[in-house]
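Throughout, numbering of the chain's residues begins at 1 and tracks the sequence.
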Amino acid sequence: NEGKIMDNSNEVVKTKKGFKKIWKFNDHEIEILAGEAAKEAIDETHAAGRPSTHGDEKGVYHLFPDGHREYTKLYNE
């Protein structure tokens, strides 16, 4: 379970090499941890039946649990 917080202070994270204090992470490790946290939050949002908000080259959109997108802002308009 890499990336799971191991104590209530949210300071220690389990990694492939053991446990590590968050403030000792390098930029790459922070990027990986943030990506995992974002994916988990999106999965939980969709499991609750709610859309998540994303953006791509076309604009900003809501991604629904069934996979369809509804754009709320298009960049070319």
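Atom CG of residue L63 and atom OG1 of residue T53 lie 9.5 Å apart, to the nearest 0.5 angstrom. Rounded to the nearest 0.5 angstrom, L74 CG and E57 CD are separated by 11.0 Å. Considering CD of E44 and CZ of R50, their distance stands at 9.5 Å, rounded to 0.5 Å.
Considering only residues two or more places apart in sequence or on other chains, D66 meets the salt bridge (charged side-chain N to carboxylate O under 4.0 Å, His left out) condition with none of them. Taking E70 as the reference, F64, H68 meet the side chain to side chain contact (heavy atoms under 4.5 Å, CB included) condition, with sequence neighbours excluded.
Using modelled atom types, one finds no donor on one side chain facing an acceptor on the other under 3.5 Å when comparing Y75 with D56. No donor-acceptor contact under 3.5 angstrom links the side chains of H62 and S52, judged on distance only.
In terms of heavy-atom proximity, P65 sits nearest to G49 at CG-C, 3.7 Å.
K58 has its side chain out of reach of N76: every pair of non-hydrogen atoms, C-beta onward, lies at least 4.5 Å apart.
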